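Count residues from 1 along the sequence. Computed from a predicted model, the values in this text were never measured in an experiment.
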Amino acid sequence: MIVLSANDITKTYGTDVILRNVSFHVNDGDKVGIIGLNGAGKTTLLNIIAGDLPCDEGNIYISGETTIGYLRQKDDFDSDNTVMEEVMSIFSSVTELEKAIPLLSDEIARLSAQGTRAGDEIENMLHRLDQMQVDFENAGGYTYRGEIKGILSSMAFGEDTYDKKISILSGGERTRLSLACLLLKKPGILLLDEPTNHLDIGTLKWLEQYLKSYTGTVMIVSHDRYFLDQSVSRIFEISNHRLRIYEGSYSQYSVKRKEIREAEMRAYQKQQNEIARQEDMIRRFKERGTEKLAKRAASREKRLEHMERLEAPESESAKMKLVFRENFKTGNDVLSAEHLSKSFGYGSSRKLLFENVEMDIKRGERICIVGPNGVGKTTLLRILLGELEADSGRVRYGYNLAFGYYDQGQRSLNENNTVLEELKESYSLYSDTEMRNILGRFLFRNDDVFLDIRSLSGGEKARLALVKIMLSGANVLIMDEPTNHLDIESKEVFEEALLDFPGTVIVVSHDRYFLNRIPTRILELDKDGITEYLGRYDYYVEKKEQIESGRQFFSEPGGADRQNKSEITDSAMMRKAKKEQEAADRRLRRERERLEQEIAALEEKIAQCGERLSDPAIMSNHVRLGEITEEMNEYKVTLDEVFEKWIEIQDE
């Protein structure tokens, strides 16, 4: 059943067209992901659906009594309320019934004690009481308190936070509370605008499972590709003011989009070639000047006039151009940490973030640090940078280190500067023209360079921060949630730049798609220290589940004894896996070197054959000429085979 449809929606701001002739329909229970570049009109579309913004042309249809719940990027909480007061306001009608039912019961009991004179009144009151109890049950009166605790807990709000004032919540806490309130309302259509911002991986996984089982319709604007893969079955892409629909997950969309674009380009080029061929024939027929050929030319011209012309496929949107280069190399040992611990507060209010943190990072590694919100990941980065002191332990640094730091709060940007001033303040040797060319690569064009930083969007600030890091020539990049405000295309450019960077990368991230592409190791931080996982996110999840099942095994009666007899410890398994990986890397390196030596030898033999073939004495000897030619061809065939092996081994 269709619960939402749009017909030829158009929205403009002044002369700027945001959406043009957008049409779609959404069925009950659909899970839709809405994607597009920053500024493409995704939030505008949600605002139109929610009724917060009128469209200039077209119309929106919402079926029957379908309710809409909208998670906006900015909440409208009452700052004087506590967390629990804000949540309980959702169930005001239920709490009113909860108070009214016992009062009515008491009144019925009082009248009943007076005798039969109030019989009719008591009968009416009993009917009212019965209806109130039915309404109370239908509104979830017997379960709502449990639901509140369950969803607040899933959004990382423990009972100790229930009395916290909204005014002192962080931005991330307000986002999580907004999401909790929305889920508790259970609207028919959920509109979620960037719901994954400020959520840790555990909360993200919970939200994915919740949305999968949600019986209503869900429409999600998100740049989180992994989240979209797990949560939606349709993709609405907004590009160049229009909307195109793809069935399937984000990964399926990514493949289909490429296939469709290539097919459209082939069809367009084929038609353009046919048009050019026909026009050339018409021109030649006319040049001949005969009546018969003139009629043929006219006939072909009519066919061309009636041909349904294909529109040229829309050009790809401009992408930022990012390359990280290091001005000089570090040594092999970049940094190591021993027994780091950090707490905040004093006395009874002292809160331990983490302790016993140890790590050893080598040149060229890409390390991703994960862990729940509040465990101290950003604090750990600042300790590694030397901005904060640890309570205990120490950090050892290698030589020639030059840090480039990406701060998720963008506190390194001066809000009072313009974009151009911010760059010139740090890199004054560049001319204005050079600066503007560099900023153009990051999509700051024309008068954009004179915008105040305070007026920039989150994505624009992120791009500006990346410009500064790129120009710094740092050889160790330390980054705190760098993909949070980037659109999908910018994320992909950023990821490619990190993969090509020869230096060392240490990143805190909750972006699981990013975590499946970038790290060579994942370090999970908790209050007891760091657990190391070789490889990327999916491997990390698999090994973490194995470790958790091992811990459960130990908790069973006799489990530890059985483990001592049949299995090695988790740390021993990790050491073994690391040694096996190092051994495999050595074998791969030796094989690569062997193949390169063989290639060089074969190329030398082919060159020698070429020299012999140019010898006049051999050129006059047809038998010898044939033998050397055959020998050289055999070397070439062998060289091709060795090259194939060498190419294959580069991807391992």
Side-chain angles (χ1 to χ4, degrees), residues 4-24 32-60 70-74 191-194 197 219-223 235-246 257 261 311-321 410 413 415 417-422 436-464 466-467 484-493:
L4 169 67
S5 67
N7 184 39
D8 291 332
I9 294 296
T10 296
K11 183 64 183 176
T12 60
Y13 289 107
T15 58
D16 294 333
V17 177
I18 307 301
L19 301 171
R20 178 185 288 126
N21 298 329
V22 168
S23 298
F24 61 85
V32 179
I34 304 174
I35 65 172
L37 297 177
N38 288 333
K42 305 182 296 296
T43 298
T44 298
L45 179 59
L46 290 192
N47 286 331
I48 291 172
I49 294 171
D52 294 350
L53 191 67
C55 54
D56 299 326
E57 297 176 18
N59 57 74
I60 289 281
Y70 186 10
L71 178 73
R72 297 169 176 82
Q73 292 192 26
K74 187 174 182 180
L191 304 179
L192 306 178
D193 195 357
E194 296 292 355
N197 285 354
M219 301 185 74
I220 306 168
V221 168
S222 181
H223 293 139
I235 295 289
F236 287 4
E237 180 195 45
I238 300 178
S239 177
N240 293 310
H241 321 303
R242 299 185 182 276
L243 183 142
R244 172 171 267 171
I245 299 171
Y246 297 82
R257 179 177 182 270
R261 180 169 180 78
E311 290 185 17
E314 293 171 342
S315 59
E316 291 283 353
S317 301
K319 297 181 181 180
M320 70 173 182
K321 298 176 177 62
Q410 310 299 355
L413 301 178
E415 297 273 307
N417 280 344
T418 65
V419 171
L420 187 61
E421 287 169 348
E422 179 69 18
R436 296 189 68 160
N437 287 337
I438 292 168
L439 287 167
R441 293 173 55 187
F442 285 78
L443 312 184
F444 292 103
R445 300 197 173 97
N446 303 322
D447 291 342
D448 290 349
V449 301
F450 302 117
L451 291 173
D452 290 334
I453 288 175
R454 68 167 62 87
S455 69
L456 299 182
S457 68
E460 289 168 331
K461 287 180 180 178
R463 295 202 308 270
L464 182 57
L466 290 174
V467 178
N484 261 8
H485 298 288
L486 296 177
D487 57 46
I488 289 175
E489 291 195 357
S490 296
K491 285 181 182 182
E492 290 173 350
V493 171

Validation: residues 15-22 side-chain donor-acceptor distances under 3.5 Å, sequence neighbours left out:
none

Which value, rounded to the nearest 0.5 Å, describes the distance between [X] atom [atom1] and [Y] atom [atom2]?
X	Y	atom1	atom2	answer
Arg454	Asn417	CZ	CG	9.5 Å
Leu191	Thr43	CG	OG1	11.0 Å
Leu464	Leu443	CG	CG	12.0 Å
Leu413	Lys461	CG	NZ	7.5 Å
Ile453	Leu420	CD1	CG	10.5 Å
Ile9	Ile60	CD1	CD1	4.0 Å

Taking all heavy atoms of [X] and all of [Y], pick out the closest pair and write down the distance.
X	Y	value
Phe444	Val449	O-CG1, 3.8 Å
Asn446	Arg436	O-NH2, 2.9 Å
His223	Leu486	ND1-O, 3.3 Å
Phe450	Thr418	O-CG2, 3.5 Å

Please tell me if the side chains of [X] and [Y] come closer than 4.5 Å, counting only heavy atoms from C-beta onward.
X	Y	value
Leu45	Leu243	yes
Leu4	Met219	yes
Thr44	Tyr13	yes

Among all residues two or more places apart in sequence or in another chain, which pass the salt bridge (Lys or Arg N to Asp or Glu O under 4.0 Å) test with Glu421? none
Return the set of residues passing salt bridge (Lys or Arg N to Asp or Glu O under 4.0 Å) with Glu194 (not counting sequence neighbours), or none when no residue passes. none
Given 3.5 Å as the limit, does a donor-acceptor pair link the side chain of Asp487 with the main chain of Ser490, or not? yes
Salt bridge (charged side-chain N to carboxylate O under 4.0 Å, His left out): pairs with one or both residues in residues 40-60, sequence neighbours excluded: Lys11-Asp56, Asp52-Arg72
Residues in side chain to side chain contact (heavy atoms under 4.5 Å, CB included) contact with Ala40, at least two apart in sequence or another chain: Ile238
For Val493, the side chain to side chain contact (heavy atoms under 4.5 Å, CB included) test, sequence neighbours excluded, returns Lys319, Met320, Leu322
Do Arg257 and Tyr246 meet the cation-pi criteria used here (NZ or CZ under 6.0 Å from the six-membered ring centre, within 45° of the axis)? no
